[in-house]
Amino acid sequence: MFENMTEQEAREKILESVRCYCGKYHNTGRDEETGRIPYASRVYDGDEMSNLVDSALEFWLTAGRYSEEFEKEFSAYLGVRYCSLVNSGSSANLLAFMALTSPLLSDGKGRGRRILPGDEVITVAAGFPTTVAPIVQYGAVPVFIDVTVPGYNADVSILEDALSDKTRAVMLAHTLGNPFDLRAVSEFCSRHGLWLIEDNCDSLGSRYEMEDGWHYTGTVGDIGTSSFYPPHHMTMGEGGAVYTDDPLLNKIIRSLRDWGRDCVCPSGRDNLCGHRFDGQYGELPFGYDHKYVYSHFGYNLKATDMQAAVGCAQLKKFPVFVEKRRANFAYLYDRLHKEAKKLGYDIEERLMLPEASPHSEPSWFGFMMTCRDGVSRKSVVEAVEAAGIQTRALFAGNLTKHPCFDEMRKSGRGYRIAGGLDNTDLIMNSSFWVGVYPGMTEKMLDRMAAAIAHAAAPC
Ligand SMILES: Cc1ncc(COP(=O)(O)O)c(C=O)c1O
């Protein structure tokens with residue numbers, strides 16, 4: 001089959017066939033008029049598939065040249081110094097949090113001090129569980145504050161009340177693409193010497209205007225995290241990233257990601273620094289092989305090069321994805337008003353519509369709505385789903401109500417709630433969201449607006 005071909009020519013032939021295959025058998029078009037409209041979907045073409053096969057043909061399998069390229073390009077996009085590719089957003093959150101517990105950080109006071117078991121971390125209960133899980137797993141104490149509606153982010157007016165002499169960090173997600181109040185939270189963290197982790201898994205591409213100019217979300221705090229699970233802003237199947245500007249935090253994140261080792265040589269490469277056998281570490285014999293020196297109790301959370309290869313192709317399309325998400329959000333917002341008007345009512349009287357945070361330019365993950373008093377979420381969601389439109393809850397709603405909290409709830413230990421969680425409960429009971437992913441067409445958005453407006457109409 002590859003007679004008289006060089007390996008490079010054979011590879012090009014395969015990749016050309018893959019592109020052809022993708023064009024012919026994938027993305028053959030959804031039935032916009034009657035087909036089911038998912039809340040999220042992968043958007044890809046022959047570029048992703050050809051990169052994936054290219055990396056398969058190399059058969060390096062673990063992190064390799066595509067991973068390096070992805071980390072470089074992703075850092076450049078976000079404007080951060082360091083990025084570590086990992087196997088999921090949950091792993092990214094685990095690494096971000098655990099980095100702040102490293103013995104390489106100081107044991108002193110203020111920012112720079114490591115988090116110890118029993119220390120407190122301010123967060124919210126209205127979100128995804130793995131923003132909070134690492135805090136609990138380590139034996140630190142999540143302190144939950146309420147959120148605002150319809151911003152769906154932390155209510156920053158409660159931050160001071162949540163503070164105690166044990167508080168060491170704030171760890172918050174930007175909800176569904178809408179940035180939390182980064183000005184207030186950063187200022188609070190700076191004033192009290194706290195770390196800030198931004199869970200950016202649902203908000204890649206969102207921007208926020210700080211006093212010194214615009215920044216991508218995830219890059220203002222000490223560490224940011226991303227997820228590349230298929231529904232997210234871009235995908236590599238499973239995948240995630242941890243990013244920071246701080247060289248020490250980067251070193252710790254890499255160490256924890258890669259088995260806890262001290263050495264920074266990538267997989268399969270030895271002695272890049274030229275000092276593999278001439279160091280003194282712990283109580284090991286002098287010159288012990290640095291490749292097997294461990295400065296942390298780590299994990300292995302690396303992604304494969306096949307995942308990274310898909311990510312490299314997605315990243316090239318990413319700015320267009322963000323624009324399309326914004327356009328879809330604006331279109332749906334407008335259409336909802338018009339559809340409700342046609343039915344003789346004002347949509348805002350029945351549903352609270354989402355609101356972008358001040359100083360922000362969201363890269364929307366979804367379109368969140370909260371049913372007003374007298375409007376049943378159950379009946380609205382059932383009618384919207386029956387019209388073929390997929391809906392979602394804001395993940396856990398109120399995380400403290402879940403079975404994973406049973407033990408802690410019963411014992412009253414292991415977490416704290418500062419003030420009440422009234423809006424968190426409102427979200428758990430009355431909110432739902434639909435998608436605005438870049439593959440949506442105007443016809444699909446028209447159908448969504450009509451179905452939602454009908455479902456929420458007064459009877
Ligand atoms: C805010 C938030 N953080 C973290 C995650 C976890 O990401 P992953 O599914 O890649 O583990 C998610 C998942 O959707 C999420 O929504």
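First listed ligand is number 1; within each ligand, the first listed atom is number 1.
- Of all atoms in ligand 1, listed by their number and element, those nearer than 4.0 Å to a heavy atom of Asp199 are 1 (C), 2 (C), 3 (N), 4 (C).
- His232 and Phe365 have parallel rings, their planes meeting at less than 30° on a 0 to 90° scale where 60° marks the start of perpendicular.
- Between His233 and Phe318, the ring-plane angle classifies as tilted under the 30° and 60° cut-offs.
- Across the listed options Ala133, Gly89, Ala40, Gly89 owns the non-hydrogen atom lying nearest to atom 8 (P) of ligand 1.
- Residue contacts with ligand 1: Ser91 is placed with no nitrogen or oxygen under 3.5 Å of a nitrogen or oxygen of the ligand (distance criterion only).
- Ligand-side atoms of ligand 1 in range of Thr130: 4 (C), 5 (C), 6 (C), range being under 4.0 angstrom from any heavy atom.
- Ligand 1 has Phe395 within reach: a non-hydrogen atom of the residue lies less than 4.0 Å from it.
- For ligand 1 and Asn93, the ligand atoms under 4.0 Å from any heavy atom of the residue are 3 (N), 4 (C).
- A salt bridge does not link Arg42 to Glu48: none of the charged nitrogens lies less than 4.0 Å from a carboxylate oxygen.
- In terms of protein heavy-atom proximity, atom 12 (C) of ligand 1 is nearest to Phe128 CD2, 3.4 Å.
- In terms of protein heavy atoms, atom 1 (C) of ligand 1 is closest to Asp202 OD2, 3.3 Å.
- Ring to ring, Tyr216 and Tyr243 are not that close: their centroids are 6.0 angstrom or more apart.
- Residue His232 approaches ligand 1 through these ligand atoms, each under 4.0 Å from one of its heavy atoms: 13 (C), 14 (O), 16 (O).
- Looking at every heavy atom in both residues, Ser186 comes nearest to Val220 through OG-CG1, 3.5 Å.
- Side-chain atoms of Glu160 and His192 form a donor-acceptor pair, as typed in the model, at a separation below 3.5 Å.
- At least one N or O atom of Ser90, backbone or side chain, sits closer than 3.5 Å to an N or O atom of ligand 1.
- Every N/O-N/O distance between Tyr229 and ligand 1 stays at or above 3.5 Å.
- Using a 30° and 60° split on the angle between ring planes, Tyr333 and Phe329 fall in the parallel class, below 30°.
- Every atom of ligand 1 is numbered from 1 in the order shown, and the set under 4.0 Å from a heavy atom of Ser88 is 10 (O), 11 (O).
- Taking the centre of each ring, Trp60 and Tyr66 stay at or above the 6.0 Å mark.
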